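It should be emphasised that the depicted structure is a prediction, and the values quoted were computed from it without experimental measurement. First the proteins, then the strands, lettered A, B, ... as listed; each starts at 1.
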Number of protein chains: 2
Amino acid sequence: MKNASPTIRDVAMAAEVSVATVSKYVNGTKRFSPEVESRLKETIEKLGYRSNPLARSMITGRTRTIGLAILDISNPHFTNVVKGANRVALEHDYTLLLVDTEENPARERALIEALAQRVDGLVISSRLSEKESTWMLELNKPVVMLRHSHELTIPTVGIDNRLATYMLARHLLNLGHRRIAYLGFGQASINDERIGGVRDCLSEVGLSLDLYDAHAPTAQAGEQVCSKVLLGPQRPQAVICYNDLIALGFMKEAKALGFRLPNDVSVTGIDNAPYGEYAEPTLTTVDTQSEKMGELATLKLVDALAGRADTAHLILEPRLIVRDSTSVCTDLAAGKT
Amino acid sequence: MKNASPTIRDVAMAAEVSVATVSKYVNGTKRFSPEVESRLKETIEKLGYRSNPLARSMITGRTRTIGLAILDISNPHFTNVVKGANRVALEHDYTLLLVDTEENPARERALIEALAQRVDGLVISSRLSEKESTWMLELNKPVVMLRHSHELTIPTVGIDNRLATYMLARHLLNLGHRRIAYLGFGQASINDERIGGVRDCLSEVGLSLDLYDAHAPTAQAGEQVCSKVLLGPQRPQAVICYNDLIALGFMKEAKALGFRLPNDVSVTGIDNAPYGEYAEPTLTTVDTQSEKMGELATLKLVDALAGRADTAHLILEPRLIVRDSTSVCTDLAAGKT
DNA sequence: TTGAAAGCGCTAACAG
DNA sequence: CTGTTAGCGCTTTCAA
């Protein structure tokens, strides 16, 4: 049976050296006399020895594992975060321990605390407010949060949400839209920032904002809330959605309701999900650089783990991506102001 | 400083019992006298003690971690696999150690071998052929593969690829199409099965099949190859794509080239990716139950880990999902046969 | 019901 | 350059 893997002892005996020598050889810590080196090499090869990472971790205190907690892998934003995190982790010889909390804030703490025990550090995306997140300081492990934050001393990587929606609102104003609605997702802590960005922009020209809420950050939720928005008393000329998924669902239902897009209503998302490009009309959105967020957050963590601490908050710049779901306001074109 | 986490010794001293007693209490192995129990409970609470999973794993030999190796998290098929795997893992108190091999077969082996050392068992999706995968038998860990396989003794979960494409071909034949092309992805080991399914169906009515190949299983690759397919000498009436991503890219480019879909050409994908529903036209596809694949594979592994071995190959049934990207052949409607 | 002692496989001083 | 020794934090016989 090959069942019992050889231990460092087996190698030491077979090669007639001490375990310490084997250990040093395996870790490349020192140099050896040619004969010992070749004997070790040969023996390790023959026995198929691989050092047990658990035992090593117990002593060194490092697991070369990074914990990544996200809210929903099905959401393209997080898919891209994972993509970026995975790449950087592999480059630095780390592995990702992944937890998908499935948009369930009640489970977050327990899951993340359990995760923290098995990793060297964590990258966390959370629905908890900053005040509800103070326990993260007591994990005694380096943490990088995926959000734009100031109150906590936890380093963060995020995008400028206010600017993102400000840009979208400005774009819509430029197209002549005046009745602009924001279709948000109230559970998200960044929702208020996004509302703020739209408000900032609209108030500059003395316009107010209609608010709607989707019950989830998903296409399905966007579909469900669509009729309420478009068939209500004050139909907006343009709708800014919390994310691309909501926007895609919203557009689908709008078309089903008989609206022509973008003529009857302009729609925007946020995130630059890969499939906004394949929708009809193609989706105007703001690129929030999800993959880069995952990369930079992981890099920040790797740096912290290597002693190069860096507690600064990193804020990425959003970039407006204009496609076909937004167009010149037809009310304007028709002279109705 | 709270830096040094309390160990089982600290608890033992503080509660004035032996470490063995603490261990048994923490693991709920035995019963205790009320006074000892309450003292332990209190002490553990006060010290914030949490047992070190590494040390436990070293002795028990189990890490309560499952390794999941996938080819590309950005591909919705794998996104759903991860979703399903994560759910089952959490339900059974396992955590996922994720590796995204980024469609790089050359790296697979090294990454998976490293992964295998840190987990109790693995769920693997690989581009390697069965012959190139024999080394997996020597990992000495339970493995479940995500594919439809027979040669190896490794248990698998997959879908019936032949049937999937057979169904699509039949559907297209029923719509009157005769010149049917398959736009595949040659790197995938299942590509041949999918070709086979189409061929089986077409040969029943004496038709042959045109083959094209995308260089990647992505929307971009679908876009790039589109003109070659549609502007070649023998324009197909219908195209079956290797997956939904290729189909989405193909459709986008087809529209850009001036083709009207589905009138000028019917298109199908495979996978039932979430966004096929939001494309225009909505995408006819075959549901390959990716999420369920992840669930069942993980469940199979959890069972194996619990001693309930089950080496059977599990084959899921594909389901045809007809949407708007396929329609009656217009050549037929125009009387051209 | 509780405790003492022997390790799990490895690394990290410290000697030689 | 190589070996000896002492643990890392925990579980697990085996006694008491």
Side-chain angles (χ1 to χ4, degrees), chain A residues 2-44 47-65 114 116-120 140-141, chain B residues 2-44 47-65 114 116-120 140-141:
Chain A
K2 291 192 155 198
N3 241 333
S5 309
T7 75
I8 199 172
R9 275 196 153 85
D10 300 327
V11 176
M13 309 215 94
E16 293 175 310
V17 294
S18 74
V19 292
T21 305
V22 180
S23 173
K24 284 164 192 157
Y25 174 76
V26 168
N27 292 313
T29 316
K30 296 229 172 184
R31 286 187 184 165
F32 302 87
S33 63
E35 54 172 332
V36 171
E37 181 160 347
S38 71
R39 218 162 49 196
L40 276 173
K41 189 175 172 183
E42 190 184 340
T43 319
I44 287 176
L47 267 53
Y49 169 74
R50 316 209 59 178
S51 95
N52 180 331
L54 252 59
R56 180 212 249 76
S57 293
M58 245 191 61
I59 296 177
T60 63
R62 283 183 273 93
T63 62
R64 297 219 71 88
T65 300
Q117 287 199 277
R118 331 183 84 264
V119 300
D120 293 345
N140 285 327
K141 302 260 168 122
Chain B
K2 289 195 158 196
N3 240 332
S5 309
T7 76
I8 198 171
R9 274 196 152 84
D10 300 327
V11 176
M13 308 215 94
E16 294 175 312
V17 294
S18 73
V19 291
T21 304
V22 180
S23 173
K24 285 164 191 157
Y25 173 78
V26 169
N27 292 313
T29 317
K30 294 227 172 183
R31 286 187 184 164
F32 302 86
S33 62
E35 52 171 333
V36 171
E37 182 160 346
S38 71
R39 218 162 47 195
L40 276 173
K41 189 174 172 182
E42 191 184 339
T43 319
I44 288 176
L47 267 54
Y49 170 73
R50 314 209 60 176
S51 97
N52 179 331
L54 251 59
R56 181 210 249 81
S57 292
M58 243 190 63
I59 297 177
T60 62
R62 283 183 274 93
T63 62
R64 297 219 71 88
T65 300
Q117 287 198 277
R118 332 183 83 264
V119 300
D120 294 345
N140 286 326
K141 302 261 167 117

Spacing between B/Met58 atom CE and C/dA6 atom C1', to the nearest angstrom:
13 Å

Is any side-chain heavy atom of B/Asp120 closer than 4.5 Å to a side-chain heavy atom of B/Thr65?
no

Just the rounded figure in Å: distance from P of C/dG9 to CG of A/Asp10.
9 Å

Taking the side chain as every heavy atom from C-beta outward, state whether A/Ile8 and A/Ser51 have any atom pair closer than 4.5 Å.
no

Take the protein atom CG of A/Leu47 and the nucleotide atom P of C/dG9, then report the distance between them rounded to whole Å.
14 Å

Summarise protein proximity over nucleotides 10-16 of chain D in one line of letters, 5' to 3': B for base, S for sugar-phosphate only, - for none, counting protein heavy atoms closer than 4.0 Å.
BBB----

Over how many whole Å does the gap from B/Arg62 atom CZ to C/dC8 atom C1' extend?
14 Å

Does a donor on one side chain sit under 3.5 Å from an acceptor on the other, for A/Thr63 and A/Arg118?
no

For a 4.5 angstrom cut-off between non-hydrogen side-chain atoms, does A/Ser33 reach A/Val36?
yes

Could you check if a side-chain atom of A/Tyr25 sits within less than 4.5 angstrom of a side-chain atom of A/Ile44, using non-hydrogen atoms only?
yes

Spell out, as yes or no, whether a donor-acceptor pair under 3.5 Å connects the side chain of B/Thr43 to the backbone of B/Arg39.
yes

Separation of C/dG3 atom C1' from B/Tyr25 atom OH, nearest Å, is 18 Å

Roughly how many Å is it from CZ in A/Arg39 to P in D/dC1, rounded to a whole number?
15 Å

